[in-house]
Amino acid sequence: MSVKAKGLDHVAIAVKDLDQAIALYRDALGLALAEVEEVPDQQVRTAIFGHGMGRVELISPPVSDSGVAKFLRTRGEGLHHICI
């Protein structure tokens with residue numbers, strides 16, 4: 001395998017309430033909100049902070065039977081994945 005990683009793309013954090021989490025990360029932590037989007041095929045709403053490499057991505061399920069919803073029920077809010 002001859003793949004070279006370019007670095008940290010993003011860190012994804014699963015949250016129950018995206019709007020509440022956006023306020024925390026933007027207002028309390030001072031991160032710049034770049035965009036909020038729906039990703040229907042992943043059944044998540046995302047809020048992305050920063051641009052380029054090293055972004056923080058909050059992910060929240062809009063439906064109760066998605067993979068992220070199940071993750072939140074079993075593990076609670078927190079680190080979901082790291083993308084390199």
Trainee: Which pairs pass side-chain hydrogen bond (donor to acceptor under 3.5 Å, both in side chains) with one or both residues in residues 73-84, sequence neighbours excluded?
Mentor: H10-H81
Trainee: Going by salt bridge (charged side-chain N to carboxylate O under 4.0 Å, His left out), name the residues that satisfy it together with R45, two or more places apart in sequence or in a different chain.
Mentor: D19, E38
Trainee: Do the non-hydrogen side-chain atoms of V36 and L18 ever get within less than 4.5 Å of each other?
Mentor: yes
Trainee: What's the spacing between L8 CG and R55 CZ if we round to 0.5 Å?
Mentor: 9.0 Å
Trainee: Quick one: closest heavy-atom pair of G50 and A34, and the distance?
Mentor: O-CB, 3.4 Å
Trainee: Tell me the closest heavy-atom pair linking E37 and I48, and the distance in Å.
Mentor: OE2-CD1, 4.0 Å
Trainee: Please determine whether residues V68 and V63 belong to a single hydrophobic cluster, defined as Ile, Leu, Val, Met, Phe, Trp and Tyr linked transitively by side-chain heavy-atom distances below 4.5 Å.
Mentor: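 As far as the 4.5 Å side-chain criterion goes, V63 and V68 are not connected within one cluster.
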Trainee: Same cluster for I59 and I84 if Ile/Leu/Val/Met/Phe/Trp/Tyr side chains link at under 4.5 Å?
Mentor: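 No: no chain of side-chain contacts under 4.5 Å links I59 to I84.
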Trainee: State yes or no: do I13 and L33 share one hydrophobic cluster built from I, L, V, M, F, W and Y residues joined by side-chain heavy-atom distances below 4.5 Å, directly or via other members?
Mentor: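 Yes, same cluster.
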Trainee: Do other residues, nucleotides or ligands put more than 12 heavy atoms under 6.0 Å from Q20 CD?
Mentor: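 Not buried by this count: 12 neighbours or fewer within 6.0 Å.
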Trainee: Can you name the closest pair of heavy atoms from L72 and P61 and give their distance?
Mentor: CD1-CD, 3.6 Å
Trainee: Can you hop from I82 to M53 via hydrophobic side chains spaced under 4.5 Å?
Mentor: no
Trainee: Closer than 3.5 angstrom, by distance alone: can the side chain of S60 be matched with the main-chain N or O of K16 as a donor-acceptor pair?
Mentor: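 Yes; at least one donor-acceptor contact below 3.5 Å.
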Trainee: Between P62 and V44, which heavy-atom pair has the shortest distance, and what is it?
Mentor: CD-CA, 3.6 Å
Trainee: With respect to Y25, which candidate in L29, I22, D27 satisfies the side-chain contact (heavy atoms from CB on, under 4.5 Å) definition?
Mentor: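 Exactly one candidate clears the test, L29.
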Trainee: Under a 4.5 Å cut-off applied to non-hydrogen side-chain atoms, are L58 and F49 in contact?
Mentor: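 Result yes, sub-4.5 Å side-chain heavy-atom pair found.
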